[in-house]
Every structure is written in structure tokens, then in C-alpha cells.
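Right, one structure below, let's go through it.
So you know, we letter chains A, B, ... as the sequences are listed, proteins then strands, and number each from 1.
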There are 2 protein chains.
Amino acid sequence: MADKAQLQEAIKTQGEVVRKLKSEKASKEQIDDEVAKLLQLKAQLGGDEGKHVFVLKTAKGTRDYNPKQMAIREKVFNIIVSCFKRHGAETIDTPVFELKETLTGKYGEDSKLIYDLKDQGGELLSLRYDLTVPFARYLALNKITNIKRYHIAKVYRRDNPAMTRGRYREFYQCDFDIAGQYDAMIPDAECLKIVYEILNELDLGDFRIKVNDRRILDGMFAVCGVPDEKFRTICSTVDKLDKTAWEDVRKEMVNEKGLSEDVADRIGAYVSMQGGQDLAERLLQDPKLSQNKQACAGLTDMKLLFSYLELFQVTDKVVFDLSLARGLDYYTGVIYEAVLSQTIPAPVCTPTEQNGADEAGVSVGSVAGGGRYDGLVGMFDPKGRKVPCVGVSIGIERIFSIMEQKAEASSVKVRTTETQVLVASAQKNLLEERLKLTSELWNAGIKAEVLYKKNPKLLSQLQHCEETGIPLVAILGEQELKDGVVKLRNVASREEVDVPRADLVDEIKTRTL
Amino acid sequence: MADKAQLQEAIKTQGEVVRKLKSEKASKEQIDDEVAKLLQLKAQLGGDEGKHVFVLKTAKGTRDYNPKQMAIREKVFNIIVSCFKRHGAETIDTPVFELKETLTGKYGEDSKLIYDLKDQGGELLSLRYDLTVPFARYLALNKITNIKRYHIAKVYRRDNPAMTRGRYREFYQCDFDIAGQYDAMIPDAECLKIVYEILNELDLGDFRIKVNDRRILDGMFAVCGVPDEKFRTICSTVDKLDKTAWEDVRKEMVNEKGLSEDVADRIGAYVSMQGGQDLAERLLQDPKLSQNKQACAGLTDMKLLFSYLELFQVTDKVVFDLSLARGLDYYTGVIYEAVLSQTIPAPVCTPTEQNGADEAGVSVGSVAGGGRYDGLVGMFDPKGRKVPCVGVSIGIERIFSIMEQKAEASSVKVRTTETQVLVASAQKNLLEERLKLTSELWNAGIKAEVLYKKNPKLLSQLQHCEETGIPLVAILGEQELKDGVVKLRNVASREEVDVPRADLVDEIKTRTL
């Protein structure tokens with residue numbers, strides 16, 4: 001606990017930071033951040049500073065999911081998990097934090113985005129940054145050499161959030177991976193089939209899956225005359241081609257990365273190429289590429305991959321694209337990325353987030369990506385034993401954003417409960433009878449609600465049904481109790497019919513199939 | 001990054017710590033902890049210290065879930081979620097971390113168990129300690145005054161782990177809460193009904209749900225002569241009665257907490273009482289308790305609660321027990337706790353964990369608990385507006401432990417996939433035909449697998465089915481392809497039958513209903 005004088009000093013300093021930012025007309029987000037810190041400091045001081053200053057918010061870059069968002073999330077997960085299960089996958093889970101050193105050296109420059117836990121004595125821990133590194137750690141720890149598994153869980157990155165675009169600091173990843181020594185390209189093809197199936201079923205409009213291979217990229221760089229030590233950095237420049245024009249990418253290569261114009265232009269000729277199996281065949285005849293061992297291995301596998309994709313009937317959406325590079329260091333073979341064709345309408349932006357043209361009518365971009373990483377598990381194994389892996393990660397947060405906007409735009413109301421029937425009464429003093437009937441329905445497996453009031457008005461009971469989409473009302477009255485029946489009302493049509501109490505469960509089941 | 005000299009110094013110091021512990025014959029767990037720290041330090045030094053020293057483990061007190069454990073977890077969650085949905089609950093989710101101050105002042109002494117995140121600039125954050133405080137924060141932030149929601153998520157406590165007993169530092173909570181201003185005891189009764197249903201369906205053997213009320217406890221302490229300022233501390237002493245004999249509890253009251261023997265004995269007379277509605281009625285006539293306003297309010301509500309429990313047909317398992325106290329400060333009314341009657345057999349203990357008789361043949365104890373907390377949301381609301389809440393938390397980790405042990409003991413194999421059919425071949429060169437058929441099955445919604453080998457042996461294909469529990473094999477051969485059929489084999493019975501390719505999907509569906 002900081003002492004009081006220190007705190008007051010910190011508050012003074014922080015107050016100046018805020019004033020300075022305001023006078024400089026800094027961005028609202030920046031100012032909000034610093035104001036939040038100021039309020040936190042004041043809250044720590046508490047007590048004699050007068051009122052309790054309390055910041056009521058979630059942590060920066062995170063959000064709560066309300067019931068409506070959860071209903072959409074559940075729907076999306078169901079589609080994805082069904083697909084993973086259809087392909088025979090098991091599932092695992094790992095802790096939200098790992099030993100810090102487990103994550104060290106896996107993410108290159110992005111390591112600065114890792115959340116560390118405070119050293120409270122004991123081990124040094126960090127929140128997981130993705131699910132792939134914990135998966136590799138899991139395989140090495142348990143000496144597993146064969147598994148097809150999916151893992152859906154949240155990961156953490158201290159990145160700049162852009163919440164309206166579905167970019168958060170806490171977000172879901174949805175990974176499917178196949179580990180094991182198998183014949184070439186069969187598991188790789190299944191991963192692409194899975195992406196295809198999921199994007200189809202989610203009904204997000206047209207999409208394209210770009211495919212390339214790290215070995216083809218490396219071979220291409222070699223034959224173009226890129227020095228070995230510049231492969232990775234040129235790779236990340238090439239990676240910008242999905243958002244940036246060739247002219248600008250070329251400039252970066254020449255001016256910043258120090259390639260000669262000739263070399264850049266040779267790269268330019270290759271990375272403009274797109275095609276299918278035919279392109280792989282043509283490049284295998286390319287006088288320069290065909291001389292490079294790496295490139296030939298990649299191209300031969302690409303040909304094979306496309307022959308399997310043909311059998312899986314997914315070649316209409318898959319493109320062999322030499323400009324696809326992908327950032328992560330650990331890929332060793334095939335890489336791929338799925339992009340939606342549609343441009344989603346500009347969401348309602350808060351002023352904080354509306355900082356540039358790229359926020360308005362933004363193209364949704366990548367919604368899935370992955371590739372082969374044959375070396376990662378070996379980094380964890382004490383004897384360096386390798387377990388070849390290939391996998392795909394579904395970019396679920398962007399998909400949530402799109403689905404939420406679709407739900408918002410649609411007239412169909414999203415239900416957040418599955419209640420089949422409300423047990424109601426029009427008369428007073430029937431609480432006990434309502435509770436008794438509700439309990440009977442629960443015991444019979446019917447999803448039933450009852451208002452927690454002694455004597456609710458019938459109107460408010462019906463309104464509850466309208467608001468939450470409950471389709472049926474089971475109405476009890478003195479007469480019904482005497483006759484051994486329940487009045488079953490269809491909320492939409494307002495039709496009512498007396499149902500013998502013994503038949504009620506079956507009647508509700510039939511009507512809410 | 002610490003510099004090298006500092007690190008070497010730290011390694012030296014830590015080495016001495018380890019040597020000292022070993023010479024003192026400290027517990028294996030303690031030594032392991034310090035050795036792990038030493039290895040971490042050495043790993044940080046890395047490079048020129050020779051080999052890479054890498055600690056391959058999960059963080060202390062955490063575990064991975066393997067596919068078998070996940071299958072059990074999914075089964076348990078399905079039962080629980082079905083129950084919550086049957087009662088018309090929505091679901092929400094909140095971030096894994098909250099602003100540190102959101103958690104401050106909610107957990108009393110246990111606050112020291114909160115995991116803090118490192119200050120990497122920006123807000124001060126902590127991992128959530130339970131789901132109740134984030135729920136209250138959520139209600140206040142979104143100005144929600146009415147909701148029935150469940151939330152299943154992991155929470156974090158830097159407690160002493162006892163993994164074989166299902167006590168972890170990362171563990172699931174499974175909460176159901178009803179927020180809103182309603183007529184007395186109706187939502188409270190529903191929470192108890194839910195505990196009853198879930199424990200019944202999970203089939204964990206006999207159980208008992210103890211019920212009490214904070215107001216009854218407070219009233220009882222008052223009429224026994226406990227000074228106001230000692231209510232909470234005496235409450236936590238009473239809470240030990242489930243594990244400790246009255247004589248020892250009495251000693252603590254008198255010797256440590258400074259009660260007179262008379263006062264302790266008066267408490268002793270009350271806390272030995274157990275019963276149902278009748279006990280509430282009797283205590284309402286008690287010459288002393290009936291004079292206390294708090295106690296009367298609690299007893300009147302208890303009577304009402306039991307009348308509703310009667311309607312819900314759960315009174316066979318619910319006991320009004322005056323010794324139930326529960327630790328948390330925020331309860332304001334009814335409190336309850338469910339305990340299993342069975343004693344689970346001693347699990348296989350690692351030497352580290354086997355430190356005392358309480359590990360062997362341990363009684364499972366509390367598997368659910370909760371109560372009414374009408375003041376918590378008001379602590380977050382800027383205007384202090386109250387939202388009455390009542391809820392229950394299912395102690396899911398203990399339940400997992402029991403279910404895992406049951407599965408271990410049972411001869412029935414836990415399946416970790418849902419695959420209906422393996423597409424196989426007895427002959428060579430049929431990979432393409434296998435892939436094509438598998439793809440057809442996937443497209444028709446059949447859960448199908450195919451081995452990722454060009455020419456797998458039939459035996460290894462059948463073995464894969466035996467090992468993973470796949471019930472059917474669709475076998476392709478030259479003859480079958482010519483005849484337009486597939487040989488469908490039942491793995492268990494070894495029966496084979498030729499099925500026309502056009503009928504295959506229906507046949508598989510029928511056989512794997």
C-alpha cells in the first residue's frame with residue numbers, strides 16, 4: 001500500500017498529465033485513459049478526500065457479453081463445434097496463464113503485448129497470448145505424438161483495442177489442429193475443408209481462402225536475390241499486400257529494407273500471381289524457381305494439396321496466392337488465410353474509436369488463418385523431438401461482430417431464454433397452485449417460468465411472454481382447478497384451449513417441438 | 001529485463017534457499033516450489049550458462065484438461081446448463097480480469113488470495129476471484145434491476161492447492177442468480193429447487209441441503225449475549241461446526257474470542273438444533289428469540305420458505321440447521337449449503353499432497369452453496385441503489401473429481417469423440433476414393449474420419465475404431481466401387497453388409513441414433 005503523501009503526489013502529477021493532454025487536444029481515448037488512472041489514484045486515497053470516487057467500468061479493451069450477445073455466441077460456437085466434431089476432433093483445455101518462459105521467444109516483436117501477472121511470490125506467470133503455444137507445451141509435457149483436437153478459449157493481448165471492429169484485448173480463439181507424422185497434405189487439406197464448411201454454414205456471404213507455403217516464399221526470395229538474413233523482414237513487408245498497393249510495398253522494400261530495385265521488381269512479378277493447381281504446375285517449370293529445392297518441395301506439395309481439395313469440392317473458394325505471407329515465425333510449410341468478400345456497414349462508432357477512414361465501412365478481412373508448424377513442439381521437448389502440426393484458427397470475434405450487426409438489422413428478435421411456457425393466473429391467491437404446477441413441469445423436463453409475485457396481473461404475465469418470446473401460457477383459475485384442466489394460451493395467436501392436467505406435458509412438448 | 005550480474009546474484013541466493021530447505025527436511029512441495037524458481041532464474045540467464053534449462057509444467061495449482069476430462073466436463077455442464085435453462089435463465093459473460101478496485105473490500109481477509117496483474121502501464125487489474133462480484137458490477141454498470149442469469153467461468157485464487165481433492169488455483173464456478181425486487185422467498189425457494197435437481201441428476205448419491213438465515217444467526221448471537229462487534233468473528237467460529245466438534249468450537253469461543261462460558265453454552269444450545277418448518281415455528285415461540293426483531297423476520301421467512309419447498313417437493317433433503325454460518329460477508333438473508341453424504345475413496349496421492357489424515361478417504365463436503373445478498377450491487381451503484389439478489393454456486397471442481405473417479409472405476413470407456421464411421425480400405429491406392437467418400441459423408445452431416453495415410457493396413461484402421469469407440473467402418477475396395485456399394489462393418493459384432501452408396505448416409509444415421 002502506497003502511503004498517503006506518495007499518493008497525493010501521484011494524484012498531482014497525474015492531474016497535470018490530464019490537463020496537458022486536454023490543452024494539446026489529444027484524442028479522447030488517450031484523455032479517457034489518463035482520467036481513469038487519475039480516478040483510480042483518487043479512489044485509493046479514499047476516505048478523508050471526501051466522497052468515494054469509484055470507476056465503474058470493465059478493463060480497457062474488454063467487454064461484458066449480455067444475454068443477447070451470449071445467445072449469438074452460443075449459436076456461432078454450436079456451428080463451429082459441430083464441424084470440429086464432424087471431423088472427429090477431441091477437445092482439451094489449458095490454464096489461462098502459463099509460466100512466463102513458456103511464452104518467451106515464440107512471438108517475436110509481439111511479445112511486448114503479453115500480459116504478465118504481478119510477482120506475488122512463486123512462479124512468474126503470463127496470460128496466454130494464443131492457443132497454439134499452450135497446445136505445443138501440452139503435447140511436449142504429456143509426450144503426445146498424435147492428436148486431432150479443438151480448443152475454444154479466450155486469449156489476451158495488450159494491443160490497441162478497436163472494439164467496433166471486433167478487436168479486443170480479451171478475445172476468443174477457436175483452434176483446430178492435427179498433430180502427428182502423416183502422409184503429406186492430407187491433414188492440411190482437411191483444415192481447409194473445415195474452414196470452408198464453417199464459413200459456409202455461418203452464412204457470412206462470399207469468401208476466399210488464400211493458400212501459400214513458407215518454402216515457396218523462401219525459395220522465391222532466394223531466386224529473386226534477397227539476402228538470407230532479410231527473408232523474415234521482407235516476408236512481413238509482403239504480408240502488407242492485402243491492404244497496401246504494390247507501389248508502396250515496393251518503396252518499403254527498397255527504401256526501408258534496402259533491397260535493390262531489380263530484386264524488388266522480381267519479387268513483384270511473383271507476388272502478383274494467383275491461381276490453382278495449374279499455377280503450381282507452371283511454377284514448377286519456372287526456370288529460376290525450379291532450381292530452388294525449397295520452392296520445388298513447396299510447389300509439389302501445393303499440387304498435391306489442390307488434388308485433395310478437388311476431392312473435397314472446395315477449390316471454388318481456394319486460391320494459391322503468392323502474396324500471402326502471414327506474420328508468425330513458427331510456420332514451416334503451408335499457410336492460409338480466409339477473407340470475407342463483403343464490406344460490412346460502418347457500425348455506430350463512439351467518437352473515441354472513430355479515428356480514420358478505415359473505421360467507416362471497413363472491409364472485414366481475415367476471419368480464419370493457419371498453417372503448418374513442424375518445429376514448435378520440439379522447442380518444448382527436452383530432447384527436441386519434433387511433432388509435425390497443422391492447424392487453423394477461426395477469427396471468432398469478427399464473426400460475432402458481423403452476426404450481432406446482422407441480428408441488429410433483422411426484424412427477428414433474438415431470444416435469450418428457451419422457456420416453453422409461463423405458468424400464470426388471472427386470479428388472486430393462486431401462488432401456491434402456480435408454484436405446484438411449475439414444479440410439476442420442471443420435473444417433467446419442461447422449461448417453465450413463473451413470476452415471483454403473489455398476485456401478478458394477467459397483463460403483466462402476458463407482457464413478460466411477449467418481451468422474452470415465451471410461446472405458451474398455462475393459465476390456472478378456480479374453475480380450471482375444479483375441472484382438472486389448465487387453460488393453454490398461444491401467445492402469438494391468442495387462442496386458448498382447456499387441456500386436461502394429465503395431458504399438459506405432452507401438449508406443451510408437441511406445440512414447442 | 002534484469003541484467004546478468006543481478007540474475008547471477010539471484011541464482012546464488014535462490015540456490016542457498018533450496019539447500020537450506022533440503023537440510024531442514026522441508027516438505028517436498030515447498031522444496032519443489034523453490035527449485036522451480038531456481039530453474040526459472042537459470043532459464044532467464046540462458047545462453048552461455050550452457051544448456052537451456054526449461055521448466056516444462058503448468059503453473060502451480062493449475063491443470064490441463066485432457067480429452068477424457070473434457071468429455072466428463074461437457075457431460076456435467078450439459079446437465080447443469082439444462083437445469084438452468086429449464087428455469088428460464090439467461091447467461092452472461094464478463095472479462096477474466098476486473099479493475100483491481102472493483103474487487104477491493106469484497107472478500108475480507110481472503111483478499112490476499114487475489115491474483116494481481118503486473119502494472120505494465122494503464123489500469124491496475126486483478127483476476128476475478130468469484131463470479132458474484134463481477135455480476136454485481138455488471139448489474140450496476142448496466143443499470144439492470146431484474147435478471148435471472150447463469151454464468152459458468154473460471155475464477156482464480158492464490159490458495160494452497162490440494163489437487164487430488166479438486167482444489168485448484170484456477171477453477172470453474174457455476175453460478176445461478178436471481179436479481180430483482182420480488183415477493184419474499186419465491187426466488188430463494190427456486191434456487192434450492194435448482195440445487196436439488198442438479199444434485200439428483202448428477203447422481204452423486206445422497207445429499208443434504210442445509211439452510212439458515214443471517215438474520216437468525218445475528219438474532220441468536222444478540223439474545224445469547226454476544227457483543228455486536230463480535231458477531232462476524234463468532235459467526236466464522238460457528239462455521240467450523242461442520243468439521244469440528246462442539247467442544248473445540250466452544251474452546252475457541254471462550255479462549256480465543258473471549259466469550260464467557262455462559263454465552264458460549266447458550267449458543268451451543270441453539271446451534272445443535274436441526275429441523276424443518278416445525279423448528280422455525282417452535283423458535284418463533286422461543287421466549288428469547290421471539291423478542292429479537294431480526295430473528296423473527298428470519299424465522300418468519302424460513303417458515304414461508306419451507307412452505308414453498310413443500311410445493312417444490314424437495315423438503316426430504318432440506319434441513320433448517322442453526323449451525324450453518326458461511327464465510328462471506330455479503331450475505332444478508334437466507335444462506336444454504338449442499339453436502340454429499342458419501343465419502344469418496346482416497347485418490348492416488350502424490351507424496352507432495354499426502355500431508356495428513358484429511359487427505360485419505362476425505363468426505364467430499366460442500367458441493368453447492370449460496371444465499372441472499374441484498375447489499376452488494378448497491379456497493380457499485382454511484383447512488384447506492386440496491387438490487388436484491390439471491391443465488392447459488394455449484395462447486396463443480398469437486399463434482400468433476402468425483403465423476404472422474406467414477407469413470408476410472410467403471411468398465412465403460414469414456415468416448416472423447418463422436419465419430420460415427422471410419423472410411424477405410426483393405427486395398428492399396430484407394431486414398432482418393434476414401435477422401436471422396438469421407439467428404440460426401442461430411443457434407444451430409446455424418447461424423448466421419450479417415451486415416452491420414454496413403455495405404456493404411458485394414459488392421460490398423462480397425463484398431464483405431466476399437467481404441468476410440470467408433471462404431472462403424474465404411475470399407476471401400478475395387479469390387480465395391482464397381483458395384484456402387486460400400487461394405488458397412490459393425491465394429492463390435494464384426495458383421496458386414498453391402499450398402500448401396502446412395503443409401504449409405506441413411507443407413508449410418510439409423511445405426512448410430
Side-chain angles (χ1 to χ4, degrees), chain A residues 33 36 40 43 55-60 62 64-67 70 85-86 88-99 101 115-118 120 122-125 138 140-141 154 158 170 182-183 186-187 308 311-313 380 382 416-419 432 435-436 439 442 447 449 452-454, chain B residues 33 36 40 43 55-60 62 64-67 70 85-86 88 90-99 101 115-118 120 122-125 138 140-141 149 154 158 170 182-183 186-187 308 311-313 380 382 416-419 432 435-436 439 442 447 449 452-454:
Chain A
D33 265 16
Q40 277 199 321
V55 189
L56 189 61
K57 68 187 283 291
T58 61
K60 182 180 173 184
T62 69
D64 295 317
Y65 285 82
N66 64 34
M70 288 298 280
K85 287 187 173 174
R86 194 160 59 236
E90 308 177 293
T91 186
I92 68 161
D93 196 14
T94 65
V96 81
F97 43 66
E98 295 277 344
L99 298 189
E101 60 170 327
Y115 276 98
D116 290 331
L117 269 73
K118 189 168 154 185
Q120 294 171 291
E123 300 160 335
L124 296 175
L125 306 173
Y138 173 82
L141 178 58
K154 288 176 179 173
R158 295 180 51 255
E170 173 188 62
Y182 299 118
D183 282 327
I186 314 178
Y308 295 150
L311 296 168
F312 287 165
Q313 295 172 281
F380 290 103
T416 58
T417 67
E418 299 176 7
T419 310
E432 303 210 336
L435 293 182
K436 209 172 136 197
S439 181
W442 286 333
K447 294 168 191 143
E449 283 181 62
Y452 305 124
K453 295 263 170 195
K454 274 189 199 155
Chain B
D33 265 18
Q40 277 201 323
V55 189
L56 189 61
K57 69 186 283 288
T58 61
K60 183 179 173 183
T62 68
D64 296 317
Y65 286 82
N66 64 34
M70 288 298 281
K85 285 187 175 176
R86 194 160 58 237
E90 308 178 294
T91 186
I92 68 161
D93 196 14
T94 64
V96 81
F97 43 67
E98 295 277 344
L99 297 189
E101 61 170 325
Y115 276 98
D116 291 330
L117 270 73
K118 189 168 154 186
Q120 296 171 291
E123 301 160 335
L124 296 175
L125 305 174
Y138 174 81
L141 177 57
R149 81 87 181 83
K154 288 177 180 171
R158 294 179 52 255
E170 173 187 61
Y182 299 118
D183 282 328
I186 315 176
Y308 296 149
L311 296 169
F312 287 165
Q313 294 172 281
F380 289 104
T416 58
T417 67
E418 298 175 8
T419 309
E432 302 210 337
L435 294 182
K436 209 172 135 194
S439 181
W442 287 333
K447 293 167 192 147
E449 281 183 62
Y452 305 125
K453 295 264 171 195
K454 273 188 198 154

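- The structure places CD of A/Glu98 at 10.5 Å from NZ of B/Lys57, a figure rounded to the nearest 0.5 Å.
- Both the backbone and the side chain of A/Ala59 come within less than 4.5 Å of a heavy atom of chain B.
- Within the 4.5 angstrom heavy-atom criterion, only side-chain atoms of A/Leu125, from C-beta onward, approach chain B.
- Under the 30°/60° scheme for interplanar angles, the aromatic rings of B/Phe97 and A/Tyr115 are found to be tilted.
- Chosen from B/Lys436, B/Glu123, B/Glu418, the residue pairing most often with chain A at heavy-atom distances under 4.5 Å is B/Glu123.
- Both the backbone and the side chain of A/Lys60 come within contact range of chain B, with heavy atoms under 4.5 Å apart.
- Formation of a donor-acceptor pair under 3.5 Å by the A/Asp116 side chain with backbone atoms of B/Lys118 is not found in this model.
- Residue A/Glu90 holds its CD atom at 11.0 Å from CE of B/Met70, rounded to the nearest 0.5 Å.
- Taking B/Thr419, B/Thr417, B/Leu117 one by one and counting their heavy-atom pairs under 4.5 Å with chain A, the maximum is reached by B/Leu117.
- Between B/Tyr65 and A/Tyr138, the closest heavy-atom pair is O-OH, 4.4 Å.
- Contact count against chain B (heavy-atom pairs under 4.5 Å) is highest for A/Asp93 among A/Ile186, A/Leu56, A/Thr91, A/Asp93.
- In this structure, the separation between CG on A/Leu99 and OG1 on B/Thr62 is 8.0 Å, given to the nearest 0.5 Å.
- In this structure the side chain of A/Leu141 reaches within 4.5 angstrom of the side chain of B/Thr58, judged on heavy atoms.
- For the set A/Pro187, A/Ala140, A/Pro382, the count of heavy-atom pairs under 4.5 angstrom toward chain B peaks at A/Pro187.
- In terms of heavy-atom pairs under 4.5 angstrom with chain B, the leader among A/Gln120, A/Glu170, A/Lys154, A/Gln313 is A/Gln120.
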